[in-house]
Amino acid sequence: MNRILVDETSYGTRIGVVENGTLVELIYEKKNSLPIVGNVYAGKIMNVLPGMQACFVDIGREKNAFLYYGDDKDNNGNIVKPKMGSDVIVQVEKAEMGAKGAVLTKRISFAGKFLVVIPGDDKIGISKKITDSVERKRIKDIIEQLLPENYGIIVRTEGKDKSYEIYEKEIKRLVEKSEGVLSKAEYAKAPSLLYTEINGVEKVLRDLYNENIDEIVVNSSLDYETLIKLCEEKDISPKKIVMYESDVPMFENYYVASQAKAAFSKHVWLKSGGFIIIEQTEACVVIDVNTGKYNGKADLQKTILKTNLEAADEIARQLRLRNLNGMIIVDFIDMKTEENRKILQKHLEEAVAKDRLQTIVVGMTELGLMQITRKKKRQSIQQLMTRSCHCCGGSGREPIYEDFKG
């Protein structure tokens, strides 16, 4: 059975996606630090860096945010450099990471469950995960009929096989939202927040729920009522929403508490006896694969390939579970044949294809290291839920909350 667990705790909300007893995605939202990706701000340009074709923008947060303007061109193809002190309407594209501020974009968009609308655009895009050519043509034909003036539309993966009426209803709702925000921007004084992206249970239904989910379990009556109301709006059966009333902590009752804690460990054991080590740094994520206790039976290369294939599946799960993103380098066990390296890369590509965030397997370097990139949306759970250890001066991490202590 596939479930989404929404667990309201003392520090915020913990959301787990569970597939047949395995925790595959884990999201934390702290009460005092909600995610800002998707928020729209009226910002003020504080500093322009022509050499980088970028500027820093005050959006009213502790750190100024980063905005690249190299794509802003006039009719002659010349880059338009913004003026220091001028106002700009921006949306958060990437969350604040460590000492770095958020990354902004001037290409504002508003996402629904099936579609994304983009004001000031006129293009139609369809998710690459919708591969059937007949279905892609059907979708494009419908969207061309519904495309509002001065708007572009991207059809999300969940938009597959939806009717004209469903597209029409969502486009109307998103355009009304867009017009409301842009209207507010006309008289807003920078820096100010114009629009807050949905979080918590609303995002569960929009981004995590799909037809393969059997139930959504919540332990808050407010979350339950919110989801029931949203189900009515989105034509989803409310029977899938379950109110959790046991005294046993939710994650323990569904046997995923230990899996959630393990997501903070560097070592991950494989069923064969091998293991992987995950190290997060400021620049990238480094993953090392080891045979460990697994010695195989006779053929060394078969043993290595089997361990690497098993590790590839686990690495794909850990990327989702821990929200590891950016540049990821994997040191698989060295394989002598090119055929085995191709088998491994193809297997890894198939494993990461299940990820709802764009994840690309770039390939092997000359040193035999596998390169992966995963789209940055929010902080990893380690960055969000741990801090530098006060004893070792930052070379290790310590948990903030009692739940994560061994």
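Computed over heavy atoms, backbone and side chain alike; hydrogens, waters and symmetry mates excluded.
- Atom OH of Y167 and atom CD of Q145 lie 12.0 Å apart (nearest 0.5 Å).
- Listed here is the closest heavy atom pair of V248 and Y244: O-OH, 2.5 Å.
- Contact of the L344 side chain with the M364 side chain is registered, since non-hydrogen atoms from C-beta on lie closer than 4.5 Å.
- Contact check for I328 versus I315: no side-chain heavy atoms found under the 4.5 Å cut-off.
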Y254 vs V18, test: side chain to side chain contact (heavy atoms under 4.5 Å, CB included). Steps then yes/no. CA-CA 9 Å; Y254 286 100; V18 184; 5.9 Å; no
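- Q280 contributes no side-chain N or O that, together with a main-chain N or O of Q382, makes up a donor-acceptor pair within less than 3.5 Å.
- Salt-bridge check for R156 with D207: passed, with a basic side-chain N closer than 4.0 Å to an acidic carboxylate O.
- Taking every heavy atom of both residues into account, Y151 and E179 meet most closely at OH-CG, 3.6 Å.
- Under the 3.5 Å distance criterion, the side-chain polar atoms of E8 are left unmatched by any main-chain donor or acceptor of S220.
- Side-chain contact between R61 and E96 is present, with at least one heavy-atom pair separated by less than 4.5 Å.
- Nearest heavy atom pair, residue K94 against residue K376, reads CG-O, 3.6 Å.
- Between the side chain of K342 and the backbone N or O of N340 there is no donor-acceptor pair closer than 3.5 Å.
- In summary, D71 and K106 do not engage in a salt bridge, as defined by a charged side-chain N under 4.0 Å from a carboxylate O.
- Salt-bridge formation is not detected for the pair K172/E168: no Lys NZ or Arg NE/NH1/NH2 atom is positioned less than 4.0 Å from an Asp or Glu carboxylate oxygen.
- Across all non-hydrogen atoms, the minimal contact from E158 to F114 is O-CD2, 3.2 Å.
- With hydrogens and angles ignored, the 3.5 Å screen pairs a side-chain donor or acceptor of K113 with a backbone N or O of Y209.
- Between R356 and E25, at least one side-chain N (NZ, or NE/NH1/NH2) sits under 4.0 Å from a carboxylate O, which counts as a salt bridge.
- A donor-acceptor distance shorter than 3.5 angstrom exists from the side chain of R322 to the backbone of A263, with no hydrogens or angles considered.
- Judged by distance alone, the side chain of S192 and the main-chain N or O of K189 form a donor-acceptor pair under 3.5 Å.
- In the displayed structure, K229 atom NZ is contacted under 6.0 Å by at most 12 heavy atoms of other residues, nucleotides or ligands.
- Rounding to the nearest 0.5 Å places CD of E245 at 10.5 Å from CG of N219.
- Using a 4.5 Å heavy-atom cutoff, the side chains of Q371 and T373 are not in contact.
- Heavy-atom contacts from other residues, nucleotides or ligands closer than 6.0 Å to OH of Y164 number more than 12.
- Ion pairing between R173 and E176 fails under the 4.0 Å rule for side-chain N and carboxylate O.
- The pair K162-E170 does not count as a salt bridge, with every side-chain nitrogen at least 4.0 angstrom from each carboxylate oxygen.
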So R374 and V352, side chain to side chain contact (heavy atoms under 4.5 Å, CB included) or not? Walk me through it. CA-CA 10 Å; R374 187 169 185 266; V352 301; over 6 Å; no
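- D214 places a side-chain N or O within donor-acceptor distance of the main-chain N or O of N2, the cut-off being under 3.5 Å.
- Within the model, atoms CG of L182 and CD1 of I108 stand 7.5 Å from one another, a figure rounded to the nearest 0.5 Å.
- A donor atom on one side chain and an acceptor atom on the other are found under 3.5 Å apart for E310 and S272.
- Residues P148 and I153 are in side-chain contact: their nearest non-hydrogen atoms beyond the backbone lie under 4.5 Å apart.
- Pairing each heavy atom of R320 with each of V24, the nearest pair is CB-O, 3.2 Å.
- Salt bridge annotation for R341-E338: present, with a cationic side-chain nitrogen under 4.0 angstrom from a carboxylate oxygen.
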For salt bridge (Lys or Arg N to Asp or Glu O under 4.0 Å), just list the numbers for D121 and R107, CA-CA rounded to whole Å, side-chain angles, deciding distance to a tenth of an Å, and then say yes or no. CA-CA 9 Å; D121 201 346; R107 190 171 186 255; 3.1 Å; yes
Could you walk me through whether D223 and V204 satisfy the side chain to side chain contact (heavy atoms under 4.5 Å, CB included) test, starting with their C-alpha distance in whole Å, then the side-chain angles of each, then the deciding distance to 0.1 Å, before giving a yes or no? CA-CA 11 Å; D223 288 346; V204 164; over 6 Å; no
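- Between R317 and D313 there is no salt bridge, since no side-chain nitrogen of the basic residue lies less than 4.0 Å from a carboxylate oxygen of the acidic one.
- Other residues, nucleotides and ligands place no more than 12 heavy atoms under 6.0 Å from the NZ atom of K100.
- Atom NZ of K63 has more than 12 neighbouring heavy atoms from other residues, nucleotides or ligands inside a 6.0 Å radius.
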Check against salt bridge (Lys or Arg N to Asp or Glu O under 4.0 Å), E29 and K203: CA-CA 11 Å; E29 292 189 351; K203 189 168 280 190; 5.3 Å; no
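- The line from CG of N323 to CD1 of I381 is 8.5 Å long, rounded to the nearest 0.5 Å.
- L205 contributes atom CG, which lies 10.5 Å from atom OG1 of T226 (distance to the nearest 0.5 angstrom).
- In summary, of the residues considered (D87, N64, D58), a side chain to side chain donor-acceptor pair (under 3.5 Å) with K44 occurs for D87 alone.
- K240 places a side-chain N or O within 3.5 Å of a backbone atom of I213 that can act as its donor or acceptor partner.
- Taking 4.5 Å as the limit, every side-chain heavy atom of V88 sits out of range of all side-chain heavy atoms of L104.
- With Q91 contributing its side chain and G38 its backbone, the two residues share a donor-acceptor pair below 3.5 Å.
- Atom OG1 in T13 sits 13.0 Å away from atom NZ in K30 (nearest 0.5 Å).
- In this structure, R14 satisfies the cation-pi test against F251, with its NZ or CZ atom closer than 6.0 Å to the six-membered ring centre and inside 45 degrees of the ring normal.
- Residues V201 and L227 share a closest heavy-atom pair of O-CD2, 3.6 Å.
- The shortest side-chain heavy-atom distance between Y69 and I79 falls under the 4.5 Å cut-off.
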Determine whether M52 and F66 satisfy the following criterion, side chain to side chain contact (heavy atoms under 4.5 Å, CB included), listing intermediate values before the conclusion. CA-CA 11 Å; M52 297 176 64; F66 180 87; 4.0 Å; yes
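- Side-chain atoms of N39 come within 3.5 Å of backbone atoms of E197 as a donor-acceptor pair (strictly under, hydrogens ignored).
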R138 vs E135, test: salt bridge (Lys or Arg N to Asp or Glu O under 4.0 Å). Steps then yes/no. CA-CA 5 Å; R138 183 192 75 87; E135 173 61 7; 2.9 Å; yes
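- Side chains of Q301 and T337: a donor-acceptor N/O pair is absent below 3.5 angstrom, by distance only.
- A perpendicular orientation is assigned to the rings of Y195 and F110, their planes being inclined by more than 60° (bins at 30° and 60°).
- Contact check for L208 versus I216: no side-chain heavy atoms found under the 4.5 Å cut-off.
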